[in-house]
Chemist: 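Here it is: the structure, laid out below.
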2 protein chains.
Amino acid sequence: MQPGTTEEHCSIAATLGVIGDRWSLLILRDVFRGNHRFSVIQSDLGIAKNLLADRLTQLIDDEILEKVLYCERPARYEYRLTAKGADLSALLIALMKWGDRWHSDGEPPTVLVHRECGTPLELHVACPHCDAPVRPGQIRSLNQATTEEMTTH
Amino acid sequence: MQPGTTEEHCSIAATLGVIGDRWSLLILRDVFRGNHRFSVIQSDLGIAKNLLADRLTQLIDDEILEKVLYCERPARYEYRLTAKGADLSALLIALMKWGDRWHSDGEPPTVLVHRECGTPLELHVACPHCDAPVRPGQIRSLNQATTEEMTTH
DNA sequence: GTGGGTTGGTTTAGTTTTGCTACCTACTCC
DNA sequence: GGAGTAGGTAGCAAAACTAAACCAACCCAC
């Protein structure tokens with residue numbers, strides 16, 4: 001689907017190859033929020049049923065979701081995140097935070113809080129050495145083969 | 001494009017509405033890395049020229065990129081990130097980190113380091129109150145209207 | 001001053017992919 | 001028999017994408 005230079009050599013392209021279509025991340029958002037059932041996700045997103053079925057099997061093939069039996073008779077399954085799927089939380093948070101900052105008028109529609117203390121969470125790019133928040137302009141991108149710069153100017 | 005329940009009430013859907021197509025994030029990745037020119041991006045991504053032109057004007061309309069004159073005669077422009085665009089760095093880092101962890105064999109193809117000290121960067125979900133890293137299972141999602149749960153089990 | 005090359009596109013035409021609607025199935029419970 | 005859940009199938013429409021040609025403004029060499 002993507003030309004040769006991207007998928008193999010770039011983790012961003014690889015990730016987009018897995019969850020980069022128009023529905024997967026919205027489905028995953030629903031599962032994160034606790035909508036684990038086919039019919040609930042379908043009516044919440046307004047997605048066509050065959051499309052939802054397709055995306056779900058794809059996400060299961062990619063080991064991002066798994067089917068869990070929640071009712072023996074009749075056999076009913078629901079969709080749960082695997083460890084790999086749960087690890088997408090930072091990505092979903094990044095999407096949400098950016099939307100909050102640039103595409104919401106007033107209050108953000110949803111707030112993520114720490115389960116233990118109820119404090120709204122933050123997302124940081126951090127340098128383990130300098131122990132300070134890192135701004136976009138202070139990021140440098142090192143390619144293993146060549147040496148490319150990551151600039152924000 | 002998306003059904004009613006999503007775009008307005010959800011920052012994730014809003015963000016995906018802006019940069020959720022198959023090319024925008026790859027284009028932005030290129031610009032982050034220092035590829036600011038039409039022809040460079042086009043040959044790097046292997047994208048058709050009309051598509052690239054479309055996406056670039058869309059990204060400019062959304063104030064994620066801006067056209068900057070870098071040569072008077074002949075008039076030549078290049079594409080630079082605005083503040084809004086640079087603010088997508090956390091999202092790109094999240095995409096990259098996830099790809100590194102789950103879709104790379106061995107060494108990650110690209111490493112992001114702190115410009116000042118050269119240390120590889122990390123991305124953290126943080127609680128400003130508890131001062132400790134937050135795991136996916138400790139995140140709770142509060143909807144302003146109802147009250148929904150964010151679970152990872 | 002004419003020909004060739006570069007940059008940054010636009011136009012057109014055609015193909016492929018995606019998505020939607022509408023209906024159908026299988027199982028079970030009541 | 002009817003309702004609920006979890007899908008599958010078929011046919012069509014629309015969007016996305018590709019490829020190739022073309023264009024304009026300029027530069028440089030000859």
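Every chain is numbered from 1, with letters handed out A, B, ... down the list of sequences. In what follows, every heavy atom counts, from backbone to side chain, and hydrogens, waters and symmetry copies are set aside.
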Chemist: I need the OH-P distance between B:Y77 and C:dG8, as an integer number of Å.
Modeler: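 Rounding to the nearest Å, OH of B:Y77 and P of C:dG8 are 12 Å apart.
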
Chemist: Could you state the CD1-P distance from B:I27 to D:dC17, rounded to the nearest angstrom?
Modeler: 10 Å

Chemist: Does A:R76 pair with A:E78 as a salt bridge, N-O distance under 4.0 Å?
Modeler: no

Chemist: Starting from P on C:dG8, measure out to CG on B:L45 and report it in whole angstrom.
Modeler: 15 Å

Chemist: What is the distance, rounded to the nearest whole Å, between atom NZ of A:K49 and atom C1' of C:dC20?
Modeler: 12 Å

Chemist: Strictly below 4.0 Å, N to O, side chains only: are A:K97 and B:D87 in salt-bridge contact?
Modeler: no

Chemist: Figure out the CZ/P separation between B:F38 and D:dA24, and round it to whole Å.
Modeler: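 Going from B:F38 (CZ) to D:dA24 (P), I get 17 Å.
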
Chemist: Is there a side-chain polar atom (N or O) of A:R37 under 4.0 Å from OP1 or OP2 of D:dA6?
Modeler: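 Looking at the OP1 and OP2 atoms of D:dA6, one of them is under 4.0 Å from a side-chain N or O of A:R37.
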
Chemist: Would you say D:dA16 has OP1 or OP2 under 4.0 Å from some side-chain N or O of B:R22?
Modeler: no

Chemist: So, does B:W23 get its side chain near the phosphate of D:dA16, meaning an N or O under 4.0 Å from OP1 or OP2?
Modeler: no

Chemist: For A:K67 and B:N50, find the nucleotide of DNA chain D closest to each by heavy atoms; which residue's nucleotide sits nearer the 5' end?
Modeler: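 Result of the comparison: A:K67.
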
Chemist: Within the distance-only criterion (no hydrogens, no angle test), does the side chain of A:T82 pair as donor or acceptor with the backbone N or O of A:E63 below 3.5 angstrom?
Modeler: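 The answer is yes, because a donor-acceptor pair under 3.5 Å joins these two groups.
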
Chemist: Would one find a side-chain N or O of A:Y79 under 4.0 angstrom from OP1 or OP2 of D:dG7?
Modeler: yes

Chemist: Whole Å only: how far is the CD atom of A:Q42 from the P atom of C:dA22?
Modeler: 14 Å

Chemist: How many Å lie between CG on A:L69 and P on C:dC27, as a whole number?
Modeler: 16 Å

Chemist: Check whether the side chains of B:R80 and B:H36 place a donor and an acceptor atom closer than 3.5 Å, and report yes or no.
Modeler: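 On atom types as modelled, these side chains qualify, holding a pair under 3.5 Å.
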
Chemist: Whole Å only: how far is the CG atom of B:D21 from the C1' atom of C:dT18?
Modeler: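 For the pair B:D21 CG and C:dT18 C1', the rounded distance is 14 Å.
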
Chemist: Establish, with yes or no, whether the OP1 or OP2 oxygen of D:dA6 is under 4.0 angstrom from a side-chain nitrogen or oxygen of A:Y70.
Modeler: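 For D:dA6, OP1/OP2 do have a side-chain N/O of A:Y70 under 4.0 Å.
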
Chemist: Counting only heavy atoms and a strict 4.0 angstrom limit, can you tell me which residues of residues 51-64 of chain B come near DNA chain D?
Modeler: B:L51, B:R55

Chemist: Under 4.5 Å between side-chain heavy atoms, chaining through other members, with only Ile, Leu, Val, Met, Phe, Trp and Tyr counted: pull out the rest of the cluster around A:V68, sorted by chain and number.
Modeler: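 For A:V68, no cluster forms, as it stays isolated from other hydrophobic side chains.
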
Chemist: Please tell me if A:S39 has a side-chain N or O lying less than 4.0 Å from either OP1 or OP2 of D:dT5.
Modeler: no

Chemist: Which residues pass the side chain to side chain contact (heavy atoms under 4.5 Å, CB included) test with B:T57, not counting sequence neighbours?
Modeler: none

Chemist: May I ask you to check whether A:Y70 and A:R37 show a side-chain donor-acceptor distance below 3.5 Å?
Modeler: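 Yes.
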
